[in-house]
Protein chains: 2
Amino acid sequence: MGLEERRRREKDNRKQAILRAARKLFFDRGFKAVTVEQIARRAELSKGAIYLHFRSKEEMYTQILLNDIAAFQKKISTLLQSGDSPTDMFVKFSRIYIDFFLNDRELFRILMTFMLNTEQMNLPAQMNDHIVKATNKQAEVMEGILQIGIDQGQFPKTINLRRYRNAIWGLLNGIISLHLFTGRADNREGIIRSTIDDSLQVFLRGLASEVVKGPKKEE
Amino acid sequence: MGLEERRRREKDNRKQAILRAARKLFFDRGFKAVTVEQIARRAELSKGAIYLHFRSKEEMYTQILLNDIAAFQKKISTLLQSGDSPTDMFVKFSRIYIDFFLNDRELFRILMTFMLNTEQMNLPAQMNDHIVKATNKQAEVMEGILQIGIDQGQFPKTINLRRYRNAIWGLLNGIISLHLFTGRADNREGIIRSTIDDSLQVFLRGLASEVVKGPKKEE
DNA sequence: TGAATATTGGTCAGTATGTGACCATTAGTC
DNA sequence: GACTAATGGTCACATACTGACCAATATTCA
């Protein structure tokens, strides 16, 4: 009994403060360029204290990933209950997606990198699971929207959810990546937004037009 | 070099948190009725931790006194620069005095008790000095107002500052004490306020009327 | 009244948290 | 490919916190 609650709370606060400091630095300079000493200074701690809360620099990085993904999840989690049409849901989804990642390009970069190099990051299996689980949740929302579309007769009954979820996901990621590659986001937000909007509508229209036709094969 | 600044800040925060907890309890139940354990619990700490920040229960009590007196000082410290007439300054002074102590009767009780029993509380001499110094500051303001009155020709040039400062101080304290003794403040604020207002004006008028006459003897 | 019991201010040995000098390894330089 | 600099991670030491404990006092009750 006793004061554990307060101590737990304060320990957690400290941890969050470290993560805030680390996140800012990672965001500004990228993983490699940031030293643990810098993170410690920004958090007004010594380097040793950092290792009371995290096993390694990479673990910090991973937890930031988890936090940010969780924040994103929270944003999109209400979509399914909105009662909008599936198309509108996807449009809203993409808006959130864009807003979020244009506002946090480092996270986007990290996520894409993680997707591309899961093995290389050789994190503890448990961490890996967490991230995978988190991204799965995101996928679920997309599939959920597709399912609603199916239930409402807007999409074919027999489509492969995974395939089209991936298609839409890829569309978003691909366009954003391209955008980040070709230019700064600041003055081109309108372009990327309308590009995605338009592509998405085209894709969904295409999908809807198959309602009468037969199913796709499993991949 | 290093993180001392942050540690100092956090240590001070902790100390203030303890004082807040202690103050609330002392205010509600009085010094004797409060146990150190209760203070610790309210501050979400163990009893032992309390003694890292304070040498004794009484030291806590004393520091609360100092804090509250300091807050009061701050309130009255601007009076001298207000440019009001001395009489108005005293009226304002008394308003602040009443507001403050009706809002914090325990502090008033404590202060009066301390004034009456400085020795009995046998605090470290240094602490004693602090409190005495603080109350002296308060006295200074009153003497300052009197001095302004003298400079402006409203009060006799030769009055004994200490005597009249004490008279006014005593007037305020006495009426408030009486009031606390005879009834609850809530529904009698108007009465105590007008009583003090009126008595104060009478006293100051009396003092002003002596401008032409000779000085009082030193006491 | 005075012995038994309960309460509580204060202590201290043990634990958790934080510090910074240090080390091993790797990256960079010439 | 030897030398230097930078940096992730470690550890002995320092500080903050905990709670069982004790001595002294207050309370209860026969």
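Chain letters run A, B, ... following the sequence lines, proteins first and then strands; every chain starts at 1.
Taking atom CG of residue Leu25(B) and atom C1' of nucleotide dG9(C), one finds them 16 Å apart after rounding to whole Å. Rounded to whole Å, atom P of dT11(C) lies 16 Å from atom CD of Glu37(B). Nucleotide dA16(C) holds its P atom 10 Å from the NZ atom of Lys11(A), rounded to whole Å. Note: NZ (Lys15(A)) to C1' (dT17(C)) measures 15 Å, nearest angstrom.
Among residues two or more places apart in sequence or in another chain, the side chain to side chain donor-acceptor pair (under 3.5 Å) test is passed with Arg9(B) by Glu44(A), Glu5(B). Applying the ring-ring contact (aromatic ring centres under 6.0 Å, His included) criterion to Phe93(B), with sequence neighbours excluded, gives Tyr97(B). Applying the side chain to side chain donor-acceptor pair (under 3.5 Å) test to Gln201(B) and every residue at least two apart in sequence or in another chain returns nothing. Under the side-chain contact (heavy atoms from CB on, under 4.5 Å) criterion, Ala40(B) pairs with Ile50(B), not counting sequence neighbours. Here Ser199(B) pairs with Leu171(B), Ile175(B), Thr195(B) under the side-chain contact (heavy atoms from CB on, under 4.5 Å) rule; sequence neighbours left out. The side-chain contact (heavy atoms from CB on, under 4.5 Å) search around Lys75(B) returns Ile96(B), Phe100(B), not counting sequence neighbours. For Ser94(A), the side chain to side chain donor-acceptor pair (under 3.5 Å) criterion is met by no residue, not counting sequence neighbours. Here Glu37(A) pairs with Thr35(A), Arg41(A), Lys47(A) under the side-chain contact (heavy atoms from CB on, under 4.5 Å) rule; sequence neighbours left out. Under the rule for a side chain to side chain donor-acceptor pair (under 3.5 Å), the partners of Arg95(B) that lie at least two apart in sequence or sit in another chain are Asp197(B).
Mapping Glu10(B) and Ser56(B) onto DNA chain C via the closest heavy atom, the residue that lands nearer the 5' end is Ser56(B).
Checked against dT19(C), dG19(D), dT18(D), the side chain of Leu45(A) finds its nearest nucleotide in dT19(C). Residue Thr35(B) places its side chain closer to dT8(C) than to any other of dG18(C), dT8(C), dG8(D).
For DNA chain C, the neighbouring residues in residues 46-54 of chain A, judged by any heavy atom under 4.0 Å, are Ser46(A), Gly48(A), Ala49(A), Leu52(A), His53(A).
Under the side chain to side chain contact (heavy atoms under 4.5 Å, CB included) rule, His53(A) has a single partner from Glu59(A), Gln63(A), Lys11(A), which is Lys11(A).
Taking 4.0 angstrom as the limit, Arg14(A) places a side-chain polar atom (N or O) nearer than this to OP1 or OP2 of dG18(C). Dashed line: the shortest gap from a side-chain N or O of Arg6(B) to OP1 or OP2 of dT19(C) is under 4.0 Å.
Side chain to side chain, Glu143(B) and Gln147(B) fail the donor-acceptor criterion of an N or O pair below 3.5 Å.
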Which nucleotides of DNA chain D pair, in dot-bracket form (Watson-Crick or G-U under 3.5 Å, | meaning another strand): ||||||||||||||||||||||||||||||

Heavy-atom protein contacts under 4.0 Å, nucleotides 23-28 of chain D, coded B base, S sugar-phosphate only, - none: ------

